[in-house]
There are 2 protein chains.
Amino acid sequence: MKNNTNADEQEFTNQDFSDIVENNCPMTNTLKVIGGKWKLLILHAIMSECPARFGELKKKMKDITQTTLTAQLRELERDGILSRKIYAETPPKVEYKLTPLGETLVPVINTIIAWGNTYCKSNL
Amino acid sequence: MKNNTNADEQEFTNQDFSDIVENNCPMTNTLKVIGGKWKLLILHAIMSECPARFGELKKKMKDITQTTLTAQLRELERDGILSRKIYAETPPKVEYKLTPLGETLVPVINTIIAWGNTYCKSNL
DNA sequence: AGCATTAGTATTATTTTTCATACTTAGTAC
DNA sequence: GTACTAAGTATGAAAAATAATACTAATGCT
């Protein structure tokens, strides 16, 4: 690993920042799942109307494009947060809902919402 | 609220999504403050060593550039989350710490960290 | 037959974010 | 008087995210 005995080549060895520097940082890991411009908004929307259909989500998040919404939903599905149920109907019907893992995010999201309600009323 | 008797002109009137569509959404507001790739990591770092100097933050977040770190810190300062204290020394010394408003984010961040610790161990 | 519907995909363009690199400043130590 | 330090700034390039637009597919309705 770090094999510099004299100090003219040392870079980050004088303190243990491993949980931040390396990839074991829970914040970094969490941000991989719920980070980005849309994911928390999508989850919030699905939380408040579960299951949610694609078209409903798109209406709720007025400014998202179809392409982006699809991409974000796929990532959330890939990460085990959402499930996607396709109905064999015409026109197509697809329902998104939180998986059990996704449900564990509900208190996290509620905490964020609560902060916004209390401290972010109109100061921006 | 819902005043569409015949269904051929309705667009967003069949349910009240105003808190998501308009800018009063606490999630949207919160994301303006703590959203983005770096802000939560910066706050986490300052939380765990408060006050924190610029150089310390940069070392902890190995992959951020000076320019980006400065920009993010300025936004957090602008939004009232951080304070910046300049010491009239050479070489310069600047300390960042959470404001009282910033302190109110501590439980939010801890909630996110806790979720990461519990549910995000190694599945990504 | 032709039209509307939903949940997409494909492609290209644009915007936003981040990065890389070089430069600055004022003291202090050599 | 030269080098070093910390915390930046300036500039341009690159990468990532997001958007705009057009297209598809299956089927029910008229």
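Residue numbers start from 1 in every chain, and the chains themselves are labelled A, B, ... in the order their sequence lines are given, proteins ahead of strands.
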B:Leu73 CG - C:dT18 C1' separation (whole Å): 15 Å
I want to check something: taking the side chain as every heavy atom from C-beta on, are A:Arg84 and A:Arg74 in contact at a cut-off of under 4.5 Å? yes
Atom-to-atom span, CD1 of A:Ile86 to C1' of D:dA26 - whole angstrom: 14 Å
Quickly work out the B:Lys85 NZ to D:dA7 C1' distance and round it to whole Å. 17 Å
In whole angstrom, what separates B:Tyr87's OH from C:dA26's C1'? 19 Å
Can you tell me the distance, in whole Å, between the CG atom of A:Leu69 and the P atom of C:dG8? 8 Å
Shortest side-chain distance from A:Lys37, nucleotide among C:dG8, D:dT18, C:dC19: D:dT18
Report the distance from atom NZ of A:Lys59 to atom C1' of C:dG8, rounded to the nearest whole Å. 16 Å
Is any side-chain nitrogen or oxygen of A:Arg74 closer than 4.0 Å to OP1 or OP2 of C:dG8? yes
Nearest-Å distance for atom pair CD1/P, residues A:Ile64 and C:dT16: 16 Å
Nearest-nucleotide 5' precedence on DNA chain D, A:Pro92 against A:Asp63: A:Asp63
Heavy-atom neighbours of B:Lys93 NZ exceed 12 at 6.0 Å: yes
Candidates D:dT18, C:dT18, C:dT5 - which lies nearest the side chain of A:Pro91: C:dT5
Please check the phosphate of D:dA19 (OP1 and OP2 only) for any side-chain N or O of A:Thr65 closer than 4.0 Å. yes
Would you say B:Arg53 places a side-chain N or O within less than 4.0 Å of OP1 or OP2 belonging to D:dG8? no
Does either side chain, that of A:Thr68 or that of A:Thr65, offer a donor lying less than 3.5 Å from an acceptor on the other one? yes
Just wondering, do A:Lys85 and A:Val94 contact through their side chains at under 4.5 Å, heavy atoms? no
Rounded to whole Å, how long is the line connecting atom NZ of B:Lys58 with atom P of D:dT5? 13 Å
Please compare B:Tyr96 and A:Thr68 by the position of their nearest nucleotide in DNA chain D and report the one closer to 5'. B:Tyr96
Hey, does the side-chain of B:Thr67 have a donor or acceptor N/O within less than 3.5 Å of a partner on the base of D:dA10? yes
Using atom types as modelled and distance alone, determine if a side-chain donor or acceptor of A:Glu56 lies under 3.5 Å from a backbone N or O of A:Arg53. yes
So, is B:Gln72 close to the C:dT18 phosphate, meaning a side-chain N or O under 4.0 Å from OP1 or OP2? yes
Judged by each residue's nearest nucleotide on DNA chain C, which is more toward the 5′ side, A:Gln66 or A:Thr90? A:Thr90
